[in-house]
Amino acid sequence: MLTPALSNQGSYRGRFAPSPSGPLHFGSLVAALGSFLAAKSQQGKWLVRIEDIDTPRVVQGADSDILHTLEAYGLHWDETVVYQSQRHALYQDVQNDLQSQGLVYACQCTRREIKQRGGFYDNHCRTLNLPFAHNALRLQQNFPVNSFTDQIQGLVNIPNNIAREDYIIKRRDGLYAYQLVVVLDDIDQQITHVVRGADLLEPTARQLGLFKQLQHPAPQYAHLPLVVSEPGLKLSKQNHAPAINKQDPIPATLAALRFLGLTPPPEAEFASIVDVLNWAIESFSLHKISKVTEKPLSDAY
Ligand code: GLU
Ligand code: ZN
């Protein structure tokens, strides 16, 4: 079962939640460092969760490679690393609960059909009573969120058709969807602050709605500018962003700090990566981060 609401909201608990689909690249370093510094500058805990729920995208060994890279960069996590693939019982439990309240229905619509109907889901199958087996499952959206305040981006408005969409919580292939499990994990790990890339800005509205549905207070959200190689093109494992160098963590870390709005002294002034991080913990502030949803890589180097 999910843990009850935190009584001690004062203690900061942040997290970094990489998908093990490849090695850490500069974009994921920015997310790791941003969430780490936000937590450590508030004397908080920083947890790591391996988001390996989307098994077809998981690359064998990527999880341990990511963890070794974090260690090489001095980003030591608190508590035990959590793997989504080992948490089906929790997800199933909540699915059953939502289902028993009549909030879950099966959907047969293909991506193409949805596109033809305007590109967003119009809750087409809500009243059709389709069988659950071999179909995607959607959650009735009873708590649409049209706007929220982000700690970096400020007021974020969400188009009504996206806010009202009944979204998929379990895919046709039987895998739980990111948008369900991310909230269940953040609740279970008692996360108070989420710092991550701005590619997840829109899904945040859904996540806030799900916290309401589950009657649990939501964390604070801060969305960092996404690192792009050119406008609109996210640096990602899918477009073969190079892995960051495990042997020489300082240059990439200094570049990531500049990306986060800090002005670190030159490399020669630091004896070790620990020195760099201590300087960064002292200097970090969410207010120094640009209020934009993407920034080119060339801004850091
Ligand atoms: N696993 C997601 C990713 O790698 C991040 C999810 C999150 O931070 O909420 O993009
Ligand atoms: Zn449908």
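In each ligand, atom 1 is the first atom listed, and ligand 1 is the first ligand listed. Model, not experiment: these values are computed from the prediction.
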Proximal ligand 1 atoms for Leu200, defined as those under 4.0 Å from one of its heavy atoms: 5 (C), 6 (C), 7 (C), 9 (O)
Salt-bridge contact Lys291-Asp150 (side-chain N to carboxylate O under 4.0 Å): no
Any N/O pair Ala17/ligand 1 closer than 3.5 Å: yes
Per-atom contacts of ligand 1 with Val182, taking only distances under 4.0 Å to non-hydrogen atoms: 9 (O)
Carboxylate-amine/guanidinium proximity below 4.0 Å for Asp188 and Arg87: yes
Exercise: identify the closest heavy-atom pair between Val48 and Pro18: CG1-CD, 4.4 Å
Any Phe16 heavy atom less than 4.0 Å to ligand 1: no
Heavy-atom donor-acceptor pair, Ser19 side chain to Ser21 backbone, under 3.5 Å: no
Under 4.0 Å to a heavy atom of Arg15 - the qualifying atoms of ligand 1, by number: 7 (C), 8 (O), 9 (O)
Angle, SG of Cys107 through the Zn ion (ligand 2) to SG of Cys125 - 10° precision: 120°
Tyr121 N/O/S atom closer than 2.8 Å to the Zn ion (ligand 2): yes
Side-chain H-bond candidate by donor/acceptor type, Arg13 with His193, under 3.5 Å: no
Nearest-0.5 Å distance that lies between atom OH in Tyr105 and atom CG in Asn123: 4.5 Å
Backbone N/O of Ile158 and side chain of Glu202: donor-acceptor pair under 3.5 Å: no
Check: Glu51 N/O within less than 3.5 Å of ligand 1 N/O: yes
His124 near the Zn ion (ligand 2): N/O/S under 2.8 Å: no
Which of the ligand 1 atoms, numbered from 1, are nearer than 4.0 Å to a heavy atom of Arg196: 7 (C), 8 (O), 9 (O)
Distance-only side-chain donor-acceptor flag, Asn96 / Gln92, under 3.5 Å: yes
Atoms in ligand 1 with a heavy atom of Ser19 nearer than 4.0 Å: 1 (N), 2 (C), 3 (C), 4 (O)
